[in-house]
Each structure stands twice: as structure tokens, then as C-alpha cells.
Amino acid sequence: MKFKAPRGMRDYYPDAMAARNWIMERWHRVSLRNGFEEYDGPIMEELDLFRVKSGEGIVSELFHFADRGGREMAIRPEMTPTLARMVAARANALRKPIKWYSVPRLCRAERPQRGRLREFFQWNIDILGEDDILADAECIFVAIDFFRDIGLTPEQVVMKISSRSVLAAILRINGFAEERLEAVYATLDKRDKLAPEEFSKLIETLGVPEPQEQLLLKLGEAKGPEGITMLGEMVGQDPEGNQEVDNLERLFDLLGDMGVGPYCLFDMGVVRGLAYYTGPVFEAFGKGGLQRAICGGGRYGELLKTVGGPPMSGVGFGSSDVVIADLLKEFNLLPDLSPVTAVFVIDADPRNPTLFKRVLSITAELRRRNITASYSYRRQGIGKQFKQANDRNARRVIIVEEATLTDNTVSVKDMGTGVQQPLALEAVLDDPFQPLEPA
RNA sequence: GUAGGCGUAGCUCAGUUGGUUAGAGCACUUGGUUGUGGUCCAAGGGGUCGGGGGUUCGAAUCCCCUCGCUUACCCCA
């Protein structure tokens, strides 16, 4: 074929569409039951909106163009700038806390690889206007609520949680200059990807004194409850540091109270590349072969200000359908999504046009009653029609026959059990799935 | 942008000292079957062997180039 779907973008044939809908229905369901409202924005924004948030380097990763008025536009690569813009515009009018979710279609002009395409859907959950760490706990709970909803157990997925603010406090107490923090974050974020000796080498390239090097090595290893204890020792008597560690402990207490403790793990190795995170950060990982993060987020303190809004803190996360689909596949969690026809209507004698008229009217009546009903377009033998009914995964078959014309009865067959019984047509229309008695 | 792997039917793949008209399974269509589906049997449609060039009497097969896909790195919102 001359044409195919663009690089990194997908065609959704019905089976793929069914899988996509399966995931997205669960995103909606979980969002709504956790008290989030849906919002959306335009598919593209002014290029500058993304520049403001992420810097000039972002431009090469975007699909962008000049419109006919010469305005630089970009297809959205993420939802957060749009969210910040929308909330900032009505910051004072919106009831707090703002709990919003969205399932935007996003595009990024990067090289496709496993779990990462050029066009995808991303579930976004955000809480704004609530500084208490309870909001952070809520966001993490929502992500795990979704994992549970699709059948993932703590043996299959882990939510790794860390804290930018604790990390910042420890670094400050140990004499790291403010302007070095960015580089340190980037380095620590790589820890889990490298062998220990390579990580040590990377630390050395930072060019910090020996004691600070040792601190960074130790920090990267902090994990689990002992890790948090270790952080407590590191901050010592520093009041601000103590407060941050207390906050982190409270986060884990809350998650325990919410019943999702088994999914959660403190891990200082989670830092997240983004510059704008200011508090707790978290990333979920599958425990199988797929090592990529399946969701990631955290608290951002200053984001609204960068788009000209008031100071308002937020916390949220995003999760792409591509990685979720990979994970579902890996753990075989997608159910059979083949289309099901509830009722298939058959005429017993294809040579009798009067019977077919009744097939049409009965099918139409079933559909009017919101029952998925179908029939064969070809007037062919009853065996062929049954075959077609079977191919369409019909639950029940209604056979229109001579008795239908004389007594207004039809034969109903259950395709699962094979049981067939004559019944009054009205009774069948009222309840097509009533129990059948074997003859 | 860097490096590896792979390109044969819709899908998964066979196909070597280079040799007739390129194959299988699954899927699809039709028939076996004029009142009963799934199983089974049979037939059929579907391929410029990714593309171009070269070597050769002869290339899916050997050589060169190119395009595409894919995995990892870089980056990551």
C-alpha cells in the first residue's frame, strides 16, 4: 500500500478500538468515583505556552507550525500547561479544592519505542488549591484505585514515592548551592537505570567534595521505612528539614489508612526530570519485564505563576494509554472484547417473504427496546443463518416460523446451552433472556 | 541525533551449494447442509518476496544503496 498510518501513530481497527475504550472507560469511572470533574482544552496551543513551562529545548519535541496569521502554534504534548492556563484564568471563581481530570489526545515528535508513541492518550488527574498533603495522598490513591480496577496487584505494580522538598532540605543542610540542585536532581534520577559503579562515576562528574559525594550515594539508596528513618537522621535538628520528613511520614500514614499501603514504597531514587516539582513526587512501575514508568506525577508549587496566574499549589499525575496497554498485555488482564449480539433473528423458510417481513419488524422492535439485535441480510438456509448468528456471538436466536404467522409465537434458542423453546412473541420482546425449559 | 536487530499473504512464520508457476497454519469468502450454530472436510480469493541498482543463462536467496519497522541510548512534558 502506498499510504499507511504516520510514524508512531495508530490505526484503531475495531478490536484495538475496543481495547482503547476499555481502558478509557475505566479512567472515566475511577476519576468520577473519586470526585473529579472532566475538562478539556484545545488540541493545540500557542507554542510559547509550552516554551514558558519547559524551556526552548521543548520545541524540537513538538509538532508545531505557523498558522496563516503567522502565529506559532503547537499540538499539545501534555495537558498541564492548558490546565494551568485555564485554572489561572478563573482562579478566584473556582470552588476549592479544584479536582479535575482529563483524557486528552497528545502528540510528541519523538522517536517511537516501547511504551512510547508519537500520538497517544494520557489520563490526567489534578487537585489544585489545596496545600495539605492529603491532596497528594488522594492523587496517589486515585492512581492505585485504577490499578486495582484493572486487576493489578501489589505483586505486579509498585508506586514509588519520594519528596523533592525533603531532598532539597537535605542538600541545603549539607551545603549544596541552590543553583547546583537541578544537576543533582538529574543525576539522582538516573540511579535506578545504572549499575552501581557507573552511578558512582556519574556522581564524580558533578565535581562536589568527597563528603557530599558520599551523601549522594547514600541518598540514592534510601528506600522503604528504613529509608525515611535515615532521612530523619540526615536532617538532624534542622526545623524545616524535620517538618518535611514529618510530612513525608504522614503521607505514608494516610496511604495506609486508605488501604493502599501495600502498593506504596518510599524510594529516594524517584526524582523526576521535571524542574517544576516542589514536593512529593511519585512514579508507578510494573514489576514484570516492562521497566518503564506507567504513571508519574507530584506536587507543583509555582506552575500557575509561570502562566501569569496567582500563586496556587497543585498536585497531579499523568498516565499514558500506551504503557497501560503494554502492562495489561504482559499480565494478560484484558478480557475478551469481541462484539456480542444479544439477539439474532432468523426466518425458518427463506422462500417465504412474509416471514422475513416479521424478521425485520421483530428486530426493529428489539432495537427500540435497546437490545442489540441483528439478522442475516441474505435469505439463505436456516443452517447458514445459525452459523452467522454464532459468528456474531449471539446469546439468543429467535426463529420466525409458520406458527409466528398463525399464533404469534416464535422459537427461542439459547446459543450457550443449546436449549430451544417456543414462546409467545410478546413475552419474548418483553424479556428476551428469560429462562428456557428443555423440551 | 547515535547504535543494534528485522523486512516473504490481513496475522504468525517456513523457504541455501542461486534453478520450473513462492508455501503452511490462522483469518476471510464459498460449498458439503432446502428447519438448527460451534467441530470436521473441500474449494477459492489474497503476494511487483519493502524499493532501486548490480552480479548471473537464471535472484526471495549473493553484493551495493535506499526506505520502513523495531529495540536501546539521548531526551522525557
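We name chains A, B, ... by the order of the sequence lines, and we start the count at 1 in each one.
One P atom belongs to B:G19, the other to B:U61, and the distance between them is 11 Å to the nearest Å. Taking the C1' atom of each, B:U17 and B:A3 are spaced 34 Å apart, rounded to whole Å. Spacing of C1' atoms, B:A14 relative to B:A24, comes out at 7 Å, to the nearest Å. Only the C1' atoms considered, B:G50 is 12 Å distant from B:C6, to the nearest whole Å. With C1' as the reference atom, B:A9 and B:G15 are 14 Å apart, rounded to whole Å. Nucleotides B:U29 and B:G46, compared at atom P, are 16 Å apart to the nearest Å. With P as the reference atom, B:C11 and B:U70 are 13 Å apart, rounded to whole Å. Separating the P atom of B:G7 from that of B:G51 is a span of 14 Å, rounded to the nearest Å.
No more than 12 heavy-atom neighbours from other residues, nucleotides or ligands sit within 6.0 angstrom of CD on A:E46. Heavy-atom neighbours of A:N370 CG from other residues, nucleotides or ligands within 6.0 Å: at or below the threshold of 12.
Looking at heavy-atom distances under 4.0 Å, A:I399 makes contact with a base. Across all strands, A:Q420 comes closer than 4.0 Å to base atoms (heavy-atom distances). Using a 4.0 Å heavy-atom criterion, one finds that A:I346 contacts no nucleic acid atom at all. Residue A:A348 is in base contact, counting any heavy-atom pair closer than 4.0 Å across all strands shown. If you check every strand for non-hydrogen atoms under 4.0 Å, A:G296 touches nothing. Note on A:E61: a base of the nucleic acid sits closer than 4.0 angstrom, heavy atoms only.
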Side-chain atoms of residues 11-19 of chain A: list all donor-acceptor pairs with protein atoms under 3.5 Å, sequence neighbours left out, distances to 0.1 Å.
{"residue": "A:Y12", "atom": "OH", "partner": "A:R10", "partner atom": "NE", "Å": "3.4"}
{"residue": "A:Y12", "atom": "OH", "partner": "A:R10", "partner atom": "NH2", "Å": "3.2"}

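Counting to the nearest Å, the P atom of B:C26 and the CG atom of A:D391 are 16 Å from each other. Taking atom CZ on A:R118 and atom C1' on B:C76, their separation rounds to 14 Å, with Å as the unit. Rounded to an integer number of Å, the gap from CD1 of A:I382 to P of B:U34 is 12 Å. B:U36 atom P lies 19 Å from atom CG of A:L436, rounded to whole Å. The distance from atom CG of A:N352 to atom P of B:G35 is 13 Å, rounded to the nearest whole Å. The distance between atom CG of A:D347 and atom C1' of B:G37, rounded to the nearest whole Å, is 16 Å.
Side-chain N/O atoms of A:R378 include one lying less than 4.0 angstrom from OP1 or OP2 on B:U30.
Residues A:D321 and A:R20 are not paired through a salt bridge, judged by the lack of any N-O separation under 4.0 Å between the basic side chain and the carboxylate.
Using the six-membered ring where Trp is involved, A:Y101 and A:H28 have ring planes that are perpendicular, over 60° apart on the 30 and 60° scheme.
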Can you tabulate the close N/O pairs, meaning under 3.5 Å, that link protein atoms to atoms of nucleotides 69-74 of chain B?
{"residue": "B:C69", "atom": "OP2", "partner": "A:R7", "partner atom": "NH1", "Å": "2.4"}
{"residue": "B:U71", "atom": "OP2", "partner": "A:R114", "partner atom": "N", "Å": "3.2"}
{"residue": "B:A72", "atom": "OP2", "partner": "A:R114", "partner atom": "N", "Å": "3.3"}
{"residue": "B:C74", "atom": "N4", "partner": "A:Q113", "partner atom": "NE2", "Å": "3.4"}

Protein-nucleotides 40-44 of chain B N/O pairs under 3.5 Å:
none

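Checked against salt bridge (Lys or Arg N to Asp or Glu O under 4.0 Å), A:D431 has no partners two or more places apart in sequence or in another chain.
Looking at A:K413, its side chain comes within 3.5 Å of the base of B:G37 through a donor and an acceptor atom. On a pure distance criterion of 3.5 Å, a polar donor-acceptor pair joins the side chain of A:E401 and the base of B:G35.
Across residues 301-319 of chain A, not one residue has a non-hydrogen atom less than 4.0 Å from an atom of RNA chain B.
With A:D347 as the fixed residue, the side-chain hydrogen bond (donor to acceptor under 3.5 Å, both in side chains) test singles out one of A:R358, A:R379, A:Q380, A:K357: A:R379. The side-chain hydrogen bond (donor to acceptor under 3.5 Å, both in side chains) with A:D145 is formed by just one residue from the set A:R26, A:R33, A:R29; it is A:R33.
A:R76 contributes a side-chain N or O that, together with a main-chain N or O of A:G41, makes up a donor-acceptor pair within less than 3.5 Å. A:E119 contributes no side-chain N or O that, together with a main-chain N or O of A:G8, makes up a donor-acceptor pair within less than 3.5 Å. Counting only distance, with no hydrogens or angles, the side chain of A:R108 and the backbone of A:P77 share a donor-acceptor pair below 3.5 Å.
In this structure, B:G25 forms a base pair with B:C11, meeting either the Watson-Crick or the G-U wobble geometry with both donor-acceptor distances under 3.5 Å. Base pairing of B:C69: its partner is B:G5, meeting the Watson-Crick or G-U wobble criterion (both donor-acceptor distances under 3.5 Å). With a 3.5 Å ceiling on both atom-pair distances, B:G46 lacks any Watson-Crick or G-U wobble partner.
The 5' end of RNA chain B is approached more closely, in terms of each residue's nearest nucleotide, by A:G381 than by the other of A:G416 and A:G381.
Side-chain proximity of A:N390 to B:G37, B:G31, B:U36: nearest is B:G37.
Among pairs with a residue in residues 80-91 of chain A, those fulfilling side chain to side chain donor-acceptor pair (under 3.5 Å) read A:E45-A:T82, A:E45-A:R85, at least two apart in sequence or across chains.
Between A:F146 and A:W123, the ring centre distance stays below 6.0 Å.
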Query - A:E401 vs A:S411, side-chain hydrogen bond (donor to acceptor under 3.5 Å, both in side chains): CA-CA, chis, key distance, verdict - result: CA-CA 8 Å; A:E401 51 209 347; A:S411 291; 2.7 Å; yes
